[in-house]
Amino acid sequence: MIDLHLNPQQKEAVEYDEGHLLVLAGAGSGKTRVLTAKIARLLREGTVKPGNILAMTFTNKAAREMGRRVSEMLGGRDLPRMGTFHSTCLWFLRREAGRLGYGENCTVYDGSDQKALLRKLLKKLSLPGGITVSAALSWISEKKSDLVSPEQALVEAVNGRQEAMASVYAAYQKTLSENRAFDFDDLLTYTLEGLRQNIDIREYYRSKFLRILVDEYQDTNLVQHLILKTLAGDSTRVTVVGDDDQAIYGWRGARVSNILDFPKDFPGAKIVRLETNYRSTGSILRAADVLVTNNRNRHGKTLIPVLEMGEPVRVQPVASPSDEAEWSVRTALAFQASGTPLSRMAVLYRTNAQSREFEAACRRCGVAYEVVGAQRFFEREEIKDLVSYLRILVNPRDGESLSRIINKPARGVGRKGEESFFLNLYREGVDCLTALGRASEWPGITPRGGASLKELGAILAGAARMVSRGDPAGEIVDHVLLSTGLQEQYNPEDVAEQSKLENIEEFRRFVAQYDVETPRGGLPGFLAEQCLLTSQDSYSEEGLALMTLHCAKGLEFDIVFIAGLEEGLLPHIRQNESAPSDLEEERRLLYVGMTRARTTLFLTTCMTRAMQGRYHCGPSRFLAEIAPALAEPQAPRPAMPCPTEPEGFKRGDVIRHPRYGRGMVLSARRRGAEWELSIDFGFDEPKTILTGYVPLTKERGRASQG
DNA sequence: ACGAAATCTTTTTTT
DNA sequence: AAGATTTCGT
C-alpha cells in the first residue's frame with residue numbers, strides 16, 4: 001500500500017535502511033511523499049518505534065501534514081517527533097531544563113523583541129560610528145551561527161566597529177541570560193552545547209533517535225549541521241533531503257556545503273537522485289531549467305517532466321505596480337471563471353512591501369485573498385502586549401516583556417520612571433514581581449507611579465498563582481485581560497480599536513483551541529508552541545495567496561504570478577553597498593518561485609517602480625536569461641519613457657520635476673551617491689531636493705563652466 | 001507625563 | 001513614501 005505509486009528512485013529511497021542516505025530531490029520530485037512513506041514503512045515493519053524517529057521539517061505545517069498522512073497510512077497510532085529544527089531544540093531544552101541548569105520556563109524572543117532590546121542597549125552604550133539596530137542584530141546572529149561567543153568576538157575584533165559590535169553582543173547576551181530568555185539562534189547553540197557537554201544526555205538521545213530525517217537540508221546552517229552530527233550515534237541512520245538549486249537562506253547563515261559534503265560527514269552514505277518532476281508542465285520546467293543553468297555553483301541536474309509541454313510561460317510587461325496588480329488579479333479572476341479555484345493560485349514577490357498593491361487590487365475586484373507571512377498575527381501590537389503579560393507570568397525574570405507593558409494601559413510611568421525602575425531591578429537582581437512590589441521605595445519613581453506598579457504587581461502575582469496551579473491557558477488569558485484593563489483600554493466604538501478587540505477575540509479562540517488539543521500544556525506549553533509558529537503555519541489555503549518567494553518554499557499552485565521582475569528588485573540590490581547581494585541566490589529564488597507552478601506561470605515586469613521614494617526601472621536580467629525558453633516572443637514593450645537620473649548637476653542646469661515642473665539649479669552639492677540641489681521653480685523660496693527621491697530629468701545643461 | 005508636530009532614517013528575504 | 005523617533009508645548 002505504502003509503496004504504491006512510487007517510481008524506482010523514490011522506492012529506493014523509501015526502502016533503503018542500511019545506513020545514511022542523501023536524497024537529492026529536485027523541485028516537484030515527490031520528496032515529501034518519500035519522507036512520509038519512509039516513516040510509515042519504518043513504523044509498519046516495526047523496525048523502530050515511533051519514539052525512535054526524529055523528523056525535522058521546514059515548517060510546523062509541513063510536520064503536521066506529514067503526521068496526518070503517516071497516520072492515514074497506518075491507522076492512528078503514536079507518531080514520531082516531527083517539527084522544525086527550532087521547535088525540536090526548544091522541546092529538548094525544556095525537557096532537559098533540570099539537567100542543563102536553566103529554568104524550564106524560559107522566554108523565546110522573536111525578532112521584534114531582539115530589536116527592542118538592542119535599541120535600548122545601543123542607546124545606553126552610546127557607541128561611536130552609527131551602528132544601527134538591524135546591523136547589530138545581523139552581526140550578532142552571524143556570530144552565533146558561527147559559534148563565536150561575545151568574548152571571542154571581542155578578541156577577534158580587528159577594528160573599532162567590530163569592537164563596538166562585540167560589546168553590544170556581550171551586553172545583549174548578558175541581558176538575555178538575566179531575563180532567562182533565548183533568541184532563535186540560542187535555541188540551536190544551547191542545544192548543541194547541552195548535547196556536547198553532557199555525555200549522559202547525549203547518549204540518551206543517541207540511543208533514542210535511531211532514525212533521523214531532515215527535510216530542506218540545503219538551508220541548514222553550521223550549528224544545525226553540528227547538532228545533527230552530535231545527535232547521530234553509531235546506530236543512528238540519518239536521511240537528509242534537499243536540493244542545492246533551492247538554497248535561498250545563505251543570507252542567514254545557511255550553508256549549501258552541508259548537503260554537498262554530506263557523504264564526507266556521514267561516511268558510507270547512499271545517494272539517491274529524484275529527477276522526475278510530477279508537478280509542472282514542460283514549458284515551465286524548461287524555463288526554470290534554462291534560468292538556473294546560469295548558476296556556476298551547482299551540482300547540475302535536469303528535471304524530467306511527466307506532464308505535457310502545456311502553455312508557454314508568459315512575460316507580461318506593465319506600466320506600474322498598480323497596473324501589475326490589477327492585471328494579475330483580473331487574470332486570476334478569468335482563470336477562476338474557467339474553473340480554477342482562487343485557492344490554487346498565488347502571487348509571489350521579492351519583498352513584503354509589494355503585497356500592498358495586490359491587496360488593494362483584490363479588494364477593488366472583490367477577490368478573496370490571503371497574505372501569507374509578513375505582518376503576522378502574533379506581531380500585532382495588541383497581541384504582543386497580551387503575550388508580554390503572559391510571558392511575565394511564566395517567566396518573572398523577563399524584563400523585556402515587562403518593559404513593553406509597564407505603561408500599557410497608561411499607569412503614570414513615563415520614560416524616566418521606567419528607566420529608574422529597570423536600573424533598580426537589575427541592580428538588586430530581583431524578578432519582575434518583586435520589583436513591582438518594591439518600586440514605590442525606589443528613587444525616581446513618582447508616588448502615583450509607585451502605587452500603580454504595586455497594584456500591577458499584585459494583579460500579576462495573582463495570575464502567576466493560576467499558572468503554577470496549572471490552570472488552562474484560556475482562563476489565565478481571560479483573567480489577565482480583565483484584571484489589567486488591557487481589554488478595557490480599547491473603545492469598541494472606535495473603528496481602529498474595534499479591530500484590535502477582534503484580534504484579541506481571535507487570540508482567545510486560538511488559546512481555547514490549544515487548551516482542548518493539549519489539556520496538560522497550560523500557559524507555559526502554549527507560549528512555547530506559539531513563539532515558534534512559522535509564517536506558513538497560519539496559511540489556511542483559502543483565496544488567492546499573496547506571499548514572498550521565500551515564503552513559497554515547499555508549496556505548489558496551479559497558477560503562479562511572479563511580480564516585479566525588475567533589475568534591482570529581482571535580483572534585489574541593496575543600494576547601501578556593504579555586502580553585494582548574491583546573484584546566484586537571487587536566481588535560485590526565482591527558480592524556487594517558478595517551480596511552484598503546476599500548469600500556468602506568469603512573470604510580470606513594471607516599466608517604472610518607486611522604491612523608498614526612488615524610481616527604478618528596467619526589466620530583470622533574468623528575463624533575458626529565460627527568453628530562449630519562451631515559445632512566445634516577448635510582447636513588445638510599450639514605448640514609455642523611464643525617468644532617468646542624470647549623471648551630475650551643476651549650477652545653472654535646467655531640470656524637470658514631476659510635481660513642480662521646470663526649474664533651475666541654484667546650487668548643487670554631492671551627498672554620497674546623491675545630490676542635494678537647491679532649485680528655483682519660480683516660487684518665493686527655492687526648493688531643496690534630494691535626487692534619488694524624485695525622478696528629475698535634465699532639460700538642457702548650460703554650456704558654460706557655471 | 002503625555003500628545004502632537006517636526007524631523008530623521010529606512011527596507012530584502014525569516015526561524 | 002512611510003514609519004519611527006525626537007522635540008515641543010501643555
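It should be emphasised that the depicted structure is a prediction, and the values quoted were computed from it without experimental measurement. Chain A is the first sequence line, chain B the second, and so forth, proteins listed ahead of strands; every chain is numbered from 1.
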Take the protein atom [atom1] of [X] and the nucleotide atom [atom2] of [N], then report the distance between them rounded to whole Å.
| X | N | atom1 | atom2 | result |
| --- | --- | --- | --- | --- |
| Glu142(A) | dT15(B) | CD | C1' | 16 Å |
| Lys553(A) | dT13(B) | NZ | P | 16 Å |
| Phe58(A) | dT14(B) | CZ | C1' | 8 Å |
| Glu419(A) | dA1(B) | CD | P | 11 Å |
| Gln218(A) | dT13(B) | CD | P | 20 Å |
| Lys115(A) | dA4(C) | NZ | C1' | 12 Å |
| Leu533(A) | dT14(B) | CG | P | 15 Å |
| His86(A) | dT14(B) | NE2 | P | 14 Å |

Name the pairs: protein N/O against N/O of nucleotides 2-5 of chain B, kept only if under 3.5 Å.
| from | atom 1 | to | atom 2 | distance (Å) |
| --- | --- | --- | --- | --- |
| dC2(B) | OP2 | Asn407(A) | ND2 | 3.2 |

Subject >> Full working for salt bridge (charged side-chain N to carboxylate O under 4.0 Å, His left out) between Arg587(A) and Glu625(A) >> reply: CA-CA 10 Å; Arg587(A) 198 178 273 118; Glu625(A) 292 175 5; 2.8 Å; yes

Among the nucleotides [options], which one has an atom lying closest to any side-chain atom of [X]?
| X | options | answer |
| --- | --- | --- |
| Arg119(A) | dT5(C), dT10(B), dT14(B) | dT5(C) |
| Thr351(A) | dT13(B), dT5(C), dT15(B) | dT13(B) |
| His550(A) | dT13(B), dT15(B), dT10(B) | dT13(B) |

Original post:
Taking the nucleotide of DNA chain B with the closest heavy atom to each, which residue, Thr446(A) or Ser87(A), is nearer the 5' end?
Top reply: Thr446(A)

Counterpart residues, salt bridge (Lys or Arg N to Asp or Glu O under 4.0 Å), relative to [X] (two or more places apart):
| X | value |
| --- | --- |
| Lys120(A) | Glu400(A) |
| Glu585(A) | Arg588(A) |
| Asp244(A) | Lys301(A) |
| Asp215(A) | Lys31(A) |

Subject >> Phosphate OP1/OP2 of dT11(B) contacted by Ser134(A) side-chain N/O (<4.0 Å) >> reply: yes

Original post:
Does Asn60(A) have a side-chain nitrogen or oxygen under 4.0 Å from the phosphate oxygens OP1 or OP2 of dT15(B)?
Top reply: no

Original post:
Quick one: side-chain contact (heavy atoms from CB on, under 4.5 Å) partners of Ser145(A), sequence neighbours excluded?
Top reply: Ser141(A), Asp185(A), Asn221(A)

Original post:
Nearest 0.5 Å, what's the CZ-CD distance between Phe58(A) and Glu216(A)?
Top reply: 6.5 Å

Original post:
Trp251(A) stacking on dT13(B): centroids under 5.5 Å, ring planes under 30°?
Top reply: yes

